[in-house]
Amino acid sequence: MSQKLKSVKGTRDLLPPETSVWEAVETNARRVFGSYGYREIRTPVMESTDLFVRGVGEASDIVGKEMYTFDDRKGRSLTLRPENTAAVARAFVQHGMREWPSPVKLFYIGPQFRYERPQRGRYRQFHQIGAELIGDEGPHSDVELLVMLVRFLRSLRFEDLVVRLNTVGDAESRRQYAAALREFLEPHRADLGDDSKRRLETNPLRILDTKNPAERALLESAPELESFLSEECRQHFSRVREGLERHAVEHQIEPRLVRGLDYYTRTVFEISSAALGAQDAILGGGRYDGLVSELGGAPEPGIGFAIGQDRLIDVLPDSFRSAVRPAAPVLVVPIGDETLVEALQLAEELRDGGLDVVTELRARAMKAALGRADRLGARWVVLVGTSELESGMITVKDFADNEQFETPRAELGEWLRSRS
Ligand code: AMP
């Protein structure tokens with residue numbers, strides 16, 4: 001016998017009934033984001049490698065060591081997208097979306113790929129639900145985006161949300177701060193881990209979110225980013241905070257929050273759920289006022305977020321999960337071969353009336369049929385035997401109440417609908 005094939009390490013199959021939960025989450029995202037004027041964009045899964053090198057940044061972990069990059073048959077370097085913001089910004093430039101009514105509001109739902117060490121909540125193919133608002137630099141955009149995000153999470157019945165917020169300043173304040181931080185850390189180079197040594201050259205800000213206790217202690221006395229912020233950045237941040245307070249979005253300021261992607265400017269944020277623990281954010285995002293111009297477009301400010309759908313679903317509140325509708329609630333069972341044709345016909349009539357129906361495609365004995373209904377999670381079993389067909393009265397077994405009813409065939413659809 002040949003060897004059984006398995007899915008690739010770090011990837012997984014999503015199977016029913018779990019896929020119904022994924023769909024329900026996506027339906028909520030579409031509804032909530034749609035109610036703020038966001039529309040869906042679907043970008044290709046592969047892009048030229050250059051997009052992420054320029055967009056996400058050469059010094060980021062993603063570009064440095066996590067990308068699935070390969071040459072195609074003509075030797076072009078392609079990469080499976082590790083995130084979606086750079087692709088949305090590329091599409092914005094490519095399709096001249098500056099001419100669209102501003103700001104442009106887009107959301108996406110789809111798989112992303114990173115070569116990371118697989119562990120609980122971390123995959124090599126994972127899924128993100130994200131939104132981007134491009135073309136407005138004012139603090140009200142930040143506020144509306146965050147309020148929308150919280151509305152979405154509440155629609156999934158999350159209550160224990162922890163919103164962490166920071167500002168990383170504009171390009172100039174970041175540049176000055178990076179120089180000061182480098183100067184402060186340089187004398188302690190020998191005490192830094194390998195990652196931080198490397199970041200000292202490439203991107204010193206990233207050292208701020210280190211998990212290494214010795215480095216954290218050292219950073220206690222490091223210069224604060226806050227003192228390098230321009231007046232505009234400060235004002236922007238306090239307007240964002242005021243807005244959040246007005247909308248009763250509780251948040252905490254996290255001066256060391258910098259996020260792993262190079263394109264962020266000003267507002268950055270993460271949200272975690274108490275269930276997952278503060279270390280593991282279910283989503284992250286922020287402003288990226290320099291990204292569009294980095295990709296060759298005229299400068300356009302933007303802000304967005306990416307929710308890790310896998311993690312979100314891992315910690316989804318039970319109250320949402322249990323409300324997700326199971327498979328078809330009606331099972332039509334032919335009792336005896338001669339009733340098969342009629343059973344199929346009856347099921348079509350019920351579907352015409354808007355019901356979800358599974359039909360047994362082989363005649364069953366009553367006992368086997370009831371066992372199947374239980375396994376399929378059906379609420380009603382509609383029995384179609386010769387006597388039912390002759391009398392025109394259909395027998396329905398209600399699994400929820402463990403009762404049995406008879407109803408005229410013509411009224412069956414209405415009967416079921418009124419009870420569902
Ligand atoms: P990022 O694009 O790095 O800002 O990540 C945004 C969110 O995507 C994170 O908060 C995670 O929830 C999720 N995420 C990132 N990488 C992975 C991964 N390898 N597996 C699962 N989820 C991930």
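For reference, positions follow the sequence shown, starting with 1. Each ligand, and each atom within it, is numbered from 1 in the order the structure gives.
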Within a distance under 4.0 Å of any heavy atom of Ala306, pick out the atoms of ligand 1 and give their elements.
->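 Every atom of ligand 1 under 4.0 Å from some heavy atom of Ala306: 6 (C), 7 (C).
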Salt-bridge criterion met for Glu232 and Arg234 (N-O under 4.0 Å) |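 Looking at Arg234 together with Glu232, the answer is no, because their closest N to O distance does not fall below 4.0 Å.
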Please determine if Glu116 and Arg122 form a salt bridge, counting it only when a charged side-chain N lies under 4.0 Å from a carboxylate O.
->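 Here Glu116 pairs with Arg122 in a salt bridge, since their nearest N and O are under 4.0 Å apart.
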Can an N or O of Glu116 be found at a distance shorter than 3.5 Å from an N or O of ligand 1?
->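 Glu116 vs ligand 1: N/O contact under 3.5 Å present.
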Minimum-distance protein heavy atom relative to [atom]:
atom	answer
atom 21 (C) of ligand 1	Gly121 O, 3.2 Å
atom 1 (P) of ligand 1	Arg114 NH2, 3.6 Å
atom 23 (C) of ligand 1	Phe126 CD1, 3.4 Å
atom 8 (O) of ligand 1	Gln128 NE2, 3.1 Å
atom 11 (C) of ligand 1	Arg311 NH1, 3.6 Å
atom 13 (C) of ligand 1	Gly308 CA, 3.5 Å
atom 20 (N) of ligand 1	Tyr123 N, 3.0 Å
atom 10 (O) of ligand 1	Ala281 O, 3.2 Å

Please tell me if the side chains of [X] and [Y] come closer than 4.5 Å, counting only heavy atoms from C-beta onward.
X	Y	answer
Asp160	Phe158	yes
Val396	Trp415	yes
Arg90	Pro44	yes

Ligand 1 versus [X], non-hydrogen atoms closer than 4.0 Å: side chain, backbone, both, neither?
X	value
Arg124	neither
Ile282	backbone
Arg122	both
Leu283	backbone

Under the 3.5 angstrom rule, does the side chain of Lys105 hit a backbone N or O of Gly37 as a donor-acceptor pair?
->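 Absent.
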Please say whether the positively charged group of [X], taken as NZ for Lys or CZ for Arg, lies over the ring of [Y], i.e. under 6.0 angstrom from the six-membered ring centre and within 45 degrees of the axis.
X	Y	result
Arg98	Trp100	no
Arg12	Tyr123	yes
Arg124	Tyr115	yes

Donor + acceptor pair across side chains of Tyr263, Glu83 (<3.5 Å) |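 Result is yes, a qualifying pair exists.
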Going by heavy atoms, is Arg259 under 4.0 Å from ligand 1?
->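 In this structure, Arg259 qualifies as a contact of ligand 1 - some heavy atom is under 4.0 Å.
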